[in-house]
Amino acid sequence: MTNLKELLTLKLHSLVSELNADFSAIAFYDPINLEFRWRIAIGSLKDRYTSIVVNSSKGICGRTLKTKREFIVTNFPEELQDEALEFPILIIEELKSAVSVPLLFQSQLIAVLLIGQRKRRSFDALEIERMKDAAQELLQSYMQERDVEKTNTEEKKDIDTSALSLYFINEKKKRGKNLEIMVLDQRITMLSEEVQQSLISIFQLLFDRAFEKENNFRVSVIIELKSEQQFAIQIETKTHLELSEEYFSRLADEVRKINGSIEMVFDNVRTILTMIFFLSQLVSDQLWNTNPHSYFP
């Protein structure tokens, strides 16, 4: 969003001026692909910073992500020796000293704010505290714009875009106490219409088989976060669910169509099916996470 970019740019300008620094930039964290990208910079020598993609475990952003606190470099590259190549932003901007601070929302890292100097400089405690305050201001601006964009997008969507939620509601009404559904990872209801319909087809196959013979058959569905890149769907029946090889193969084909995996374990008491899907292969609308691509192309 242009307005957001302008607002964040102004805040970075102000911070550079206030701290008499040479450079300031903000990198957003993408939890789907586990990487950082520098989106806005003030005092850049060139625009090469926009081409930097940093693994979440590397460089100044990776250090900040790991500790969730400030990371200070006073004498680059001597101070970091063999690790210097992991800090491309310091190399291409010819920075000698730098401080990074995290932008945290509910303990989750959204972005990293960087201030740099092209001559050796020791940033004092008051300057670092000012950076932390600026990080909070930047975070507040970003989250406000993100919430507005998310609300506007949701208002424009037809009710069909919540097809999976509506399906769960209707199935719960139909099955009553025999069906328990817990959606612990709400991201699944914000996937594309096509993906939601594919998931509905999978649930229909399972529910039709589970409830076709016994009215008191009990089924529990749990949809939860597997990792920052994955979500898991676990379906447990309170008694043994018989699935022929042909039927399971048909079910597995439906899961593979949306790049998922499925496994089934069972005994005489219960059956557990677990399906795992990668978000990066399903996502079409990433407003619920911190990926800033929607705002900064």
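All values derive from a computational prediction rather than experimental measurement.
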The criterion is side-chain contact (heavy atoms from CB on, under 4.5 Å); which residues satisfy it with Arg69, sequence neighbours excluded? Thr67
Going hydrophobic residue to hydrophobic residue with side-chain gaps under 4.5 angstrom, can you get from Ile169 over to Ile200? no
Might you point out which heavy atoms bring Gly116 and Leu95 nearest each other, and give the distance in Å? C-CD2, 3.9 Å
Please find the pair of heavy atoms, one from Ala98 and one from Leu90, that lie closest to each other, and give the distance. CB-CD2, 3.8 Å
Leu12 and Ile40, any side-chain heavy atoms less than 4.5 Å apart: yes
side-chain contact (heavy atoms from CB on, under 4.5 Å) partner of Ile235, the single match among Thr274, Thr271, Leu241, Val221: Val221
Arg256: what forms a side-chain hydrogen bond (donor to acceptor under 3.5 Å, both in side chains) with it, not counting sequence neighbours? Asp253
Joining Ile, Leu, Val, Met, Phe, Trp and Tyr whenever any side-chain heavy atoms lie under 4.5 Å apart, the cluster holding Val265 also takes in Ile272
Here the ring pair (Phe, Tyr, Trp, His ring centres under 6.0 Å) pairs for residues 247-266, sequence neighbours left out, are His240-Phe266
Output all residues satisfying side-chain contact (heavy atoms from CB on, under 4.5 Å) with Glu180, sequence neighbours left out; order by chain, then residue number. Met182, Ser220
I want to know whether Tyr142 and Phe105 have ring centres closer than 6.0 Å. no
Donor-acceptor pair, Ser51 side chain versus Arg48 backbone, under 3.5 Å? yes
What is the minimum heavy-atom distance between Ala135 and Leu113, and which atoms define it? N-CD2, 4.0 Å
All side-chain contact (heavy atoms from CB on, under 4.5 Å) counterparts of Leu10, not counting sequence neighbours: none
Out of curiosity, Leu206 CG to Thr237 OG1, how far, rounded to the nearest 0.5 Å? 10.0 Å
ILVMFWY cluster, Ile52 and Leu85 together (side-chain gap under 4.5 Å): yes
Report the C-alpha separation of Glu171 and Lys173 in whole Å, then their side-chain angles, then the decisive distance to 0.1 Å, and conclude whether the salt bridge (Lys or Arg N to Asp or Glu O under 4.0 Å) test is met. CA-CA 5 Å; Glu171 283 296 311; Lys173 288 180 180 177; over 6 Å; no
To the nearest 0.5 Å, atom CD1 of Ile92 lies from atom OG of Ser44 at 6.5 Å
Value for CZ (Phe76) from CD (Glu83), rounded to nearest 0.5 Å, stands at 10.5 Å
Evaluate side chain to side chain contact (heavy atoms under 4.5 Å, CB included) for Ile181 paired with Val219, printing each intermediate quantity in order. CA-CA 9 Å; Ile181 300 174; Val219 177; over 6 Å; no
Would you find a donor on one side and an acceptor on the other, under 3.5 Å apart, between the side chain of Gln196 and the backbone of Leu164? yes
Minimum side-chain heavy-atom gap Ile262-Leu273 below 4.5 Å: yes
Between the OG atom in Ser24 and the CD1 atom in Ile42, the distance rounded to the nearest 0.5 Å is 7.0 Å
Non-hydrogen side-chain atoms of Leu109 and Phe36 separated by less than 4.5 Å: yes
Considering the options Leu251, Leu199, Ile233, which one meets the side-chain contact (heavy atoms from CB on, under 4.5 Å) requirement together with Met275? Ile233
Keeping to residues at least two apart or across chains, list the salt bridge (Lys or Arg N to Asp or Glu O under 4.0 Å) pairs with something in residues 88-104. Glu78-Lys96, Glu93-Arg118
Distance (rounded to the nearest 0.5 Å) between Phe28 CZ and Leu8 CG: 5.5 Å
I'd like to know whether Phe211 forms a side chain to side chain contact (heavy atoms under 4.5 Å, CB included) with Asn178, so could you lay out the CA-CA distance, the side-chain angles of the two residues, the decisive distance to 0.1 Å, and finally the verdict. CA-CA 9 Å; Phe211 294 111; Asn178 292 331; 4.0 Å; yes
Are more than 12 heavy atoms from other residues, nucleotides or ligands located less than 6.0 Å from atom CZ of Arg130? yes
Contacts of type ring pair (Phe, Tyr, Trp, His ring centres under 6.0 Å), residue Phe207, not counting sequence neighbours: Phe203
Determine the minimum heavy-atom distance between Ile115 and Met131, stating which atoms define it. CG1-CE, 3.5 Å
Can you name the one residue among Ile110, Leu103, Leu34, Thr64 that meets side-chain contact (heavy atoms from CB on, under 4.5 Å) with Tyr29? Leu34
Listing, residues 53-62 side-chain donor-acceptor contacts under 3.5 Å, not counting sequence neighbours, or none:
{"from": "Asn55", "atom 1": "OD1", "to": "Ser57", "atom 2": "N", "distance (Å)": "2.9"}
{"from": "Asn55", "atom 1": "OD1", "to": "Ser57", "atom 2": "OG", "distance (Å)": "2.7"}

How far apart are the closest heavy atoms of Trp38 and Ala25, and which atoms are they? CE3-CB, 3.6 Å
With sequence neighbours excluded, what pairs up with Phe23 under the ring pair (Phe, Tyr, Trp, His ring centres under 6.0 Å) test? none
Tell me, do Gln204 and Tyr167 make a side-chain contact under 4.5 Å, heavy atoms counted? yes
Does a side chain donor of either Thr74 or Ser122 reach within less than 3.5 Å of an acceptor in the other side chain? no
Tell me yes or no: between the side chains of Glu193 and Gln197, is some donor less than 3.5 Å from an acceptor? yes
Are Val255 and Ile276 grouped together when hydrophobic residues (ILVMFWY) are joined by side-chain heavy atoms under 4.5 angstrom apart? no
Is any NZ, NE, NH1 or NH2 atom of the basic residue among Glu194 and Lys257 found under 4.0 Å from an Asp or Glu carboxylate oxygen of the other? no
For Arg121, check salt bridge (Lys or Arg N to Asp or Glu O under 4.0 Å) against everything at least two apart and list the hits. Glu127
Residues Lys11, Glu6: salt bridge by 4.0 Å N-O rule: no
Side-chain heavy-atom pair Leu15, Leu138 within 4.5 angstrom cut-off: no
Who pairs with Asn20 by side-chain hydrogen bond (donor to acceptor under 3.5 Å, both in side chains), at least two apart in sequence or on another chain? none
Any side-chain to backbone donor/acceptor pair from Ser97 onto Gln117? Under 3.5 Å, distance only. no
Heavy atoms only: give me the nearest Leu205-Glu254 pair and the separation to one decimal. CD1-CG, 3.8 Å
Using a 3.5 Å distance criterion without hydrogens, assess whether the side chain of Ser17 forms a donor-acceptor pair with backbone atoms of His13. no
Is there a side-chain contact between Arg63 and Phe87 in this structure, where contact means two heavy atoms from C-beta onward sitting under 4.5 Å apart? yes
Is there a ring-ring contact (aromatic ring centres under 6.0 Å, His included) between Phe231 and Phe278 once you walk through the steps? CA-CA 7 Å; Phe231 68 88; Phe278 283 85; 9.8 Å; no
For Asn170, does its backbone N or O pair with a side-chain atom of Arg175 as donor and acceptor, under 3.5 Å? no
Take atom NZ in Lys68; do more than 12 heavy atoms of anything else shown fall under 6.0 Å from it? yes
